Protein chains: 2
Amino acid sequence: MTAYTATALKSELNERGWRLTPQRETILQIFQDLPKGNHLSAEDLHNLLQAEGHAISLSTIYRTLKLMARMGILRELELAEGHKHYEINQPSPHHHHHLICVKCNKTIEFKNDAILKTGTRTAQKEGYHLLDCQLMIHAICPACQRSLLPM
Amino acid sequence: MTAYTATALKSELNERGWRLTPQRETILQIFQDLPKGNHLSAEDLHNLLQAEGHAISLSTIYRTLKLMARMGILRELELAEGHKHYEINQPSPHHHHHLICVKCNKTIEFKNDAILKTGTRTAQKEGYHLLDCQLMIHAICPACQRSLLPM
DNA sequence: TTGCTTATTGAGAATAATACTTATTAAGGA
DNA sequence: TCCTTAATAAGTATTATTCTCAATAAGCAA
Ligand SMILES: [Mn+2]
Ligand SMILES: [Mn+2]
Ligand SMILES: [Zn+2]
Ligand SMILES: [Zn+2]
């Protein structure tokens, strides 16, 4: 519920000897403002930033996405073949999962608090520090079931 | 519980106008025989096949892995950066999920029947044909939490 | 069993997402 | 304000995966 602020990001970065840069702040903001149900690839983010007048290099985008995923701020999703998608990682009650058509990539989000609880408990039991917990349901959507296209 | 046979594979393939080849049969057998908890990348599979005297080309391996994943026979897992891993897709009570350290890729399997039920119900509700249902818990293992290495 | 159609294979080339390299810039702390 | 060094930008390199195409063989029908 409480938005993750640039100040909080700065603290977490500085704790580890890292730095808050305008690029990192801008990218965090993009994800905070992203409408629910949207997921960005590295290239999507690059384009979006350019459209808003921020010229952040692709290198920095890739580095930042990985960094924020490793920090648990973003979640890395395999919603399509060949490239990753990212969205902000929010706790319950915004936390959700994905039902994906493997043929056309149509994605439906759904919530289930029990799953996050299971994930939290499982990580804790093994002494792991939880970053993200995502149920991926791979399936074929109604339209693609009807399609006669191969595969 | 009941092993998925080459005959069953042949039926499913022929129904769609596709064919059972020795290569496909061999690859299915490899996964059937794979010890529990093992996951193979395309290259792992290629090496394993060569060691057993089967010279199946990498092209065929990639095609077959994707085909069997799309059929729901194999499950495609993101257990490490940069390449996919595969394992046989088994129903309850063998069905399981993965807790993964994003730093060293140490992976722990765990079972939870409620999750598969949720996945089945969610897919059904939306009219999707279920292929696979996997909870991925991304986390940092105890050893890596202690490590001072960056990222 | 034989022959035909066409899905599949193997080899190599092409693609594309991501990581790496290095000179330059600038964040954070003293 | 200065210094150390993390981070950036641009370009290059890497590499998993896909594509292309000629040769092969699975499945089917006669
Ligand atoms: Mn989402
Ligand atoms: Mn497994
Ligand atoms: Zn679809
Ligand atoms: Zn680890």
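Below, read A as the first sequence line, B as the second, and so on, with proteins coming before strands; counting in each chain starts at 1. This structure is a prediction, so every number in the text was calculated from the model and none was measured.
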Is the backbone of [Y] close enough, under 3.5 Å, to the side chain of [X] for a donor and an acceptor to pair up by distance?
X: Q145(A); Y: I140(A); answer: yes
X: R75(A); Y: Q90(A); answer: no
X: N89(A); Y: G72(A); answer: yes

Problem set entry | No-hydrogen, no-angle side-chain donor-acceptor test under 3.5 Å, H94(A) and H96(A) | no
Problem set entry | Flag for Q29(A)-H54(A): side-chain donor and acceptor within less than 3.5 Å | no
Exercise. Do D44(A) and Y86(A) pass the side-chain contact (heavy atoms from CB on, under 4.5 Å) test, and can you show the C-alpha distance, the side-chain angles, and the key distance before you say yes or no?
Worked result: CA-CA 10 Å; D44(A) 292 338; Y86(A) 296 83; over 6 Å; no
Exercise. Out of H85(A), K84(A), E87(A), which residue meets the side chain to side chain donor-acceptor pair (under 3.5 Å) rule with H39(A)?
Worked result: E87(A)
Seminar exercise, completed: Contacts satisfying salt bridge (charged side-chain N to carboxylate O under 4.0 Å, His left out) that involve residues 3-13 of chain A (not counting sequence neighbours) are E12(A)-R16(A)
Exercise. Counting side-chain heavy atoms from CB outward, which of dA19(C), dA26(C), dT9(C) is closest to R19(A)?
Worked result: dA26(C)
Expressed as a whole number of angstroms, how long is the span from [X]:[atom1] to [N]:[atom2]?
X: H54(B); N: dG10(C); atom1: NE2; atom2: P; answer: 12 Å
X: L9(A); N: dA27(C); atom1: CG; atom2: P; answer: 14 Å
X: K66(B); N: dT17(D); atom1: NZ; atom2: P; answer: 10 Å
X: E15(A); N: dG28(C); atom1: CD; atom2: P; answer: 14 Å
X: R24(A); N: dT8(D); atom1: CZ; atom2: C1'; answer: 10 Å
X: E81(A); N: dA17(C); atom1: CD; atom2: P; answer: 13 Å
X: N14(A); N: dT4(D); atom1: CG; atom2: C1'; answer: 15 Å
X: L65(B); N: dT9(C); atom1: CG; atom2: P; answer: 12 Å

Problem set entry | Residue-phosphate contact under 4.0 Å: K10(A) side-chain N/O, dG28(C) OP1/OP2 | yes
Seminar exercise, completed: In D33(A), I27(A), L28(A), the residue satisfying side chain to side chain contact (heavy atoms under 4.5 Å, CB included) with F31(A) is I27(A)
Problem set entry | Along DNA chain D (nearest heavy atom to each residue), the more 5'-positioned of P22(B) and W18(A) | W18(A)
Could you go through nucleotides 9-13 of chain D and list every protein N or O atom that sits under 3.5 Å from one of its N or O atoms, giving the distance for each pair?
unit_1	atom_1	unit_2	atom_2	d
dA9(D)	OP1	Q23(A)	NE2	3.4
dA9(D)	OP2	S57(A)	N	3.1
dA9(D)	OP2	S57(A)	OG	3.0
dA9(D)	OP2	T60(A)	OG1	2.7
dA9(D)	N7	R63(A)	NH2	3.2
dA10(D)	N7	S59(A)	OG	3.3
dA10(D)	N6	S59(A)	OG	3.1
dG11(D)	O6	S59(A)	OG	3.1

Atom pairs under 3.5 Å, N or O on each side, protein against nucleotides 14-16 of chain D: can you list them with distances?
unit_1	atom_1	unit_2	atom_2	d
dA16(D)	O3'	G82(B)	O	3.3

